[in-house]
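These figures come from a predicted structure and were not determined experimentally. Nothing fancy with the numbering, it's 1 onward along the sequence.
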Amino acid sequence: MNVKIKEYELPHADSGPYGITSGRDGALWFTQHKTNRIGRMTIKGKVEHFNIPTINAGALSIISTTQGDIWFTENKANKIGKLTITGEIMEYVLPNPDSAPFGITEGHHGDIWFTEMNGNRIGRILPSGETIEYDLPHPASYPSFIVAGSDHALWFTLNQSNQIGRITVNGKITEYPIPTKNAEPHGIAVGSDHALWFAEECNKLGRLSFVQNP
């Protein structure tokens, strides 16, 4: 395998790029939490920036939806941001202060799901703009990343309670313990085998498979 890595210098020094996603427009979209911007780069390296209205928002995770909108978490501002295909940025203030939103994903029906690290909740923004929050069973479980599963539920990592969580569209939460103690799970993804794969900071990758009840 011949591998070639090319790096693209961003216009603003120390901009703090963090999350990145591939947009429906064929470009790459990324958060810049230090310069408080959302960036867009074409595959030829052309860059443009969109300023986040809230100062020091702490933009971290970012996704592109099936509709082409860009959504991102504002970890410090306690908001969820949306950059529309027309270039307008909208912000949704979370109901509870200091929730520290982090992971974000698109649900199966166009709704947006996200984790609240400090709030110990899973959040959901409906297409109408209404925000719904679901409290997690264990305190200080530190929900991190979240993904839409093949079973039409949402799956997420619980970094401090050492579990993988599942929440249905009706808000029913189930938690599954990880065999290794203090595994500190972070990222999570759906594999081609429809299982949930997740990264453990303890130097392991985990796989959670399931058989749906008839």
Side-chain angles (χ1 to χ4, degrees), residues 15-24 27-41 49-85 87-108 110-136 140-149 154-160 164-165 167 184-190 198-199:
S15 62
Y18 190 89
I20 188 169
T21 190
S22 178
R24 286 197 64 189
L28 287 308
W29 294 81
F30 54 98
T31 56
Q32 301 170 90
H33 69 275
K34 292 185 179 180
T35 53
N36 210 51
R37 293 175 171 180
I38 300 300
R40 178 184 182 272
M41 177 182 283
H49 302 280
F50 301 84
N51 294 320
I52 299 173
T54 300
I55 297 174
N56 195 28
L60 295 179
S61 300
I62 187 170
I63 59 167
S64 174
T65 68
T66 53
Q67 300 299 316
D69 296 319
I70 304 298
W71 289 78
F72 51 94
T73 53
E74 300 183 27
N75 186 263
K76 295 180 180 179
N78 203 53
K79 298 177 181 179
I80 301 296
K82 175 186 178 182
L83 174 57
T84 69
I85 56 176
E88 177 188 6
I89 291 185
M90 303 169 62
E91 294 177 301
Y92 298 83
V93 180
L94 301 186
N96 294 285
D98 193 30
S99 294
F102 182 72
I104 190 168
T105 194
E106 181 180 11
H108 300 282
D111 42 1
I112 302 298
W113 293 77
F114 54 93
T115 61
E116 300 181 15
M117 283 183 162
N118 293 348
N120 204 53
R121 291 179 292 264
I122 300 299
R124 178 186 186 188
I125 298 178
L126 302 179
S128 64
E130 178 187 359
T131 300
I132 303 173
E133 295 177 309
Y134 305 92
D135 292 321
L136 294 173
S141 55
Y142 213 67
S144 299
F145 288 93
I146 186 169
V147 68
L154 288 299
W155 294 78
F156 49 94
T157 51
L158 295 168
N159 183 265
Q160 291 301 299
I164 301 300
I167 183 169
E184 297 186 20
H186 287 289
I188 188 168
V190 179
F198 51 95

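Asn51 places no side-chain N or O within donor-acceptor distance of the main-chain N or O of Arg37, the cut-off being under 3.5 Å. Remark: side-chain polar atoms of Thr73 are paired, donor with acceptor, to backbone N or O of Ser61 under 3.5 angstrom. In terms of modelled atom types and a separation under 3.5 Å, the side chain of His33 and the main chain of Gly16 share a donor-acceptor contact. Judged by distance alone, with hydrogens and angles left aside, the side-chain atoms of Thr115 form a donor-acceptor pair with the main-chain N or O of Ser144 at under 3.5 Å.
Here Asn56 contributes atom CG and Thr35 contributes atom OG1; the two are 11.0 Å apart, rounded to the nearest 0.5 Å. Rounded to the nearest 0.5 angstrom, Ile146 CD1 and Ile167 CD1 are separated by 7.0 Å. The distance from the OH atom of Tyr92 to the NZ atom of Lys82 is 4.5 Å, given to the nearest 0.5 Å.
Listed here is the closest heavy atom pair of Ile62 and Gly19: CG2-C, 3.5 Å. Of all heavy-atom pairs between Asn78 and Pro97, the closest is ND2-CA, 3.6 Å. Nearest heavy-atom pair, Pro53 versus Ile89, reported as atom, atom and distance to 0.1 Å: CD-CG2, 3.5 Å. Contact between Ile52 and Ala59 at its shortest, heavy atoms only, is CD1-CB, 3.6 Å. Pro101 approaches Ile80 most closely through the heavy-atom pair CB-CD1, 3.8 Å. Of all heavy-atom pairs between Leu60 and Thr31, the closest is O-OG1, 2.7 Å.
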Are Leu154 and Ile122 close enough, and set up right, to give a side chain to side chain contact (heavy atoms under 4.5 Å, CB included), and what steps lead you there? CA-CA 10 Å; Leu154 288 299; Ile122 300 299; over 6 Å; no
Audit row: Ile104, Phe72, side chain to side chain contact (heavy atoms under 4.5 Å, CB included) steps and yes/no: CA-CA 7 Å; Ile104 190 168; Phe72 51 94; 5.9 Å; no
Please step through side chain to side chain contact (heavy atoms under 4.5 Å, CB included) for the pair Thr54 and Lys76, ending with a clear verdict. CA-CA 10 Å; Thr54 300; Lys76 295 180 180 179; over 6 Å; no
Could you please spell out the steps behind the side chain to side chain contact (heavy atoms under 4.5 Å, CB included) verdict for Ser99 and Glu133? CA-CA 11 Å; Ser99 294; Glu133 295 177 309; 4.3 Å; yes
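With Phe102 as reference, Phe145 is the one residue of Trp113, Phe145, Phe114 to meet the ring-ring contact (aromatic ring centres under 6.0 Å, His included) rule.
Within a 6.0 Å radius of CZ in Phe30, more than 12 heavy atoms belonging to other residues, nucleotides or ligands are found. Within 6.0 Å of CD1 on Ile20 lie more than 12 heavy atoms contributed by other residues, nucleotides or ligands.
The shortest distance between side-chain heavy atoms of Leu136 and Leu158 falls below 4.5 Å. With contacts defined as side-chain heavy-atom distances shorter than 4.5 Å, the pair Ile63/Ile112 qualifies. Contact of the Thr157 side chain with the Ile164 side chain is registered, since non-hydrogen atoms from C-beta on lie closer than 4.5 Å. When side chains are defined from C-beta on, Asp69 does not count as touching Leu83, because their heavy atoms never get closer than 4.5 Å. The shortest side-chain heavy-atom distance between Asn159 and Met117 does not fall under the 4.5 Å cut-off. Taking the side chain as every heavy atom from C-beta outward, Leu28 and Ser22 approach each other to under 4.5 Å.
For the side chain to side chain contact (heavy atoms under 4.5 Å, CB included) test, residues two or more places apart in sequence or in another chain that qualify with Ser64 are Thr21, Arg24, Ile70. Listed by chain and residue number, Arg121 satisfy the salt bridge (Lys or Arg N to Asp or Glu O under 4.0 Å) test with Glu116 (two or more places apart in sequence, or in another chain). Every residue two or more places apart in sequence or in another chain that forms a side chain to side chain donor-acceptor pair (under 3.5 Å) with Trp29 is listed here: Asp25.
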